[in-house]
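Structure record follows, encoded as structure tokens.
First listed ligand is number 1; within each ligand, the first listed atom is number 1.
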Amino acid sequence: MRRLIAALFCLVALAGNARALDNGLALTPPMGWDSWNHFACHVSERDIRGITDSLVSSGMRDAGYQYVIVDDCWQGPRDAAGALTADPKSFPSGIKALADYVHSKGLKFGIYADAGDRTCAGRTGSRDHEQQDAKTFAAWGVDYVKYDWCTAQGSFPPDAYKAMGDALDESGRPMLFAICEWGVSRPWDWAPSVGNLWRTAGDIGDCFTCVGRPPGPWLAMPQLDFKGPPPSFVGRMGLGVLQVLQLQAGLGFAAGPGHWNDPDMLEVGNGGMTEEEDRTQFSMWAMLAAPLIAGNDLTGMTNATKAILTNREVIAVDQDRAGVEGERLRYTDDEEVWARPLADGAQAVALLNRSDQARVISIDWQRLGLAAGAEKVRDLWRGHDLGSFAGSFSANVPPHGAALIRVAGGR
Ligand code: GLA
């Protein structure tokens, strides 16, 4: 009997994999920029044009950043025919003109919508208008839709997201579909067949050690039979980088080319974290095969921020074509060790210092499934080979820092 049940579980898992969304998009985690973390609701078409220009002039486009995403607050009311319109004050030229501008710079254009009646900022939502809105987005030349969950009470997340996913599919224009319900309905269990990415936690804050505020009543979803840890730890706002990271452990099974866990956007360069902490967020997001969506003001970026966002070797870990998400191998109050197998047989390893003092952090080759012999180690942030190391490797890691290395030489 037990064998039969195990076999059934295997079949269900296989069927689940086979059903992963296949719209040909996001074969590696998407890279781009989104307006929310810096501009919040004070965003205009002029801001977006300026950011678009900076994405090109800063070298970010050439480093792989592709999508310019306008988050909440671009919307005006619906018109007489029920179609979405842009806010006439902040987006007077309309969304199509803005998308054309972004496209003219060799970039792709993304937009925000919401599964409820109103967006999180109280603008027009898409509930009961999914097909009409998907057609509007297609006509405007949208390439990426982020679909939020505010005011969607009474809807069942898998159904509400499928409704928009199907509408996008039927619109005839390929649009990357980014699910944003903050991880409350365990989307890693259902979203791979519905969207290209799904948020796994509440909104990130520009802070390394903050703990986000507890969820509000909008998270109560009696329809769902929550298994595993109760979702009560999922705050919606202001989660620190370490808190978000904590919520990612064990979710890698759901990710792969075309469908990714999304721990939310980057806070790199927004000023709330030290340069070391910014680097750590970038390192860990690369280990997680996370979307790399910058959220800082690219027009006034320091060289240090630019160097973090455009580090080719760290980006290459994030974008590794095998698409296997990193796994947490060790977790204590003071340190974490994560490892990620890469397509060429090497492994990326992050040695993260959670503490406020410098620490020596080690990784044994055995823990990586390697024989005890010598392995070549490369420091990815500095871009140089550190030499061959027998049995293990140790790094002296600054407080809140992460050493990111590549260990090569077979498995
Ligand atoms: C939610 C989302 C954020 C952002 C805001 C906009 O909080 O999780 O990423 O899109 O809404 O209002």
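- Listed by number with element, the atoms of ligand 1 under 4.0 Å from a non-hydrogen atom of Cys120 are 1 (C), 11 (O), 12 (O).
- For ligand 1, the atoms closer than 4.0 angstrom to any heavy atom of Trp182 are 2 (C), 8 (O).
- Across Tyr65 and Leu309, no two heavy atoms sit closer than the pair OH-O, 2.6 Å.
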- Message: Set out, in order, the CA-CA distance, both residues' side-chain angles and the distance that settles salt bridge (charged side-chain N to carboxylate O under 4.0 Å, His left out) for Arg354 and Asp334, then state yes or no.
- Response: CA-CA 5 Å; Arg354 300 166 55 92; Asp334 294 326; over 6 Å; no

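- Residues Ile204 and Gln281 meet the side-chain proximity criterion, which asks for heavy atoms closer than 4.5 Å.
- Among the atoms of Trp36, none of the N or O lies under 3.5 angstrom from an N or O of ligand 1.
- Taking a cut-off of under 4.0 Å to the non-hydrogen atoms of Lys146, the atoms of ligand 1 that pass are 3 (C), 4 (C), 9 (O), 10 (O).
- Taking each of Asp148, Asp264, Ile204 in turn, the one with a heavy atom nearest to atom 1 (C) of ligand 1 proves to be Asp148.
- In summary, the atoms of ligand 1 found under 4.0 Å from a heavy atom of Asp71, numbered by their order in the structure, are 4 (C), 6 (C), 10 (O).
- Heavy atoms of Thr119 found under 4.0 angstrom from ligand 1: none, in either backbone or side chain.
- No side-chain heavy atom of Arg279 sits less than 4.5 Å from a side-chain heavy atom of Leu404.
- Shown in contact with Arg199 at under 4.0 Å from a heavy atom are these atoms of ligand 1, numbered in order with element: 8 (O), 9 (O).
- With a heavy-atom cut-off of 4.0 Å, Cys180 touches ligand 1 through its side chain alone.
- The shortest N or O to N or O distance between Asp72 and ligand 1 is below 3.5 Å.
- When side chains are defined from C-beta on, Asp206 does not count as touching Asn37, because their heavy atoms never get closer than 4.5 Å.
- Here the shortest heavy-atom pairing between His259 and Pro192 reads ND1-CB, 3.9 Å.
- Electrostatic pairing of Arg378 and Glu313 counts as a salt bridge here, judged by a charged N lying under 4.0 Å from a carboxylate O.
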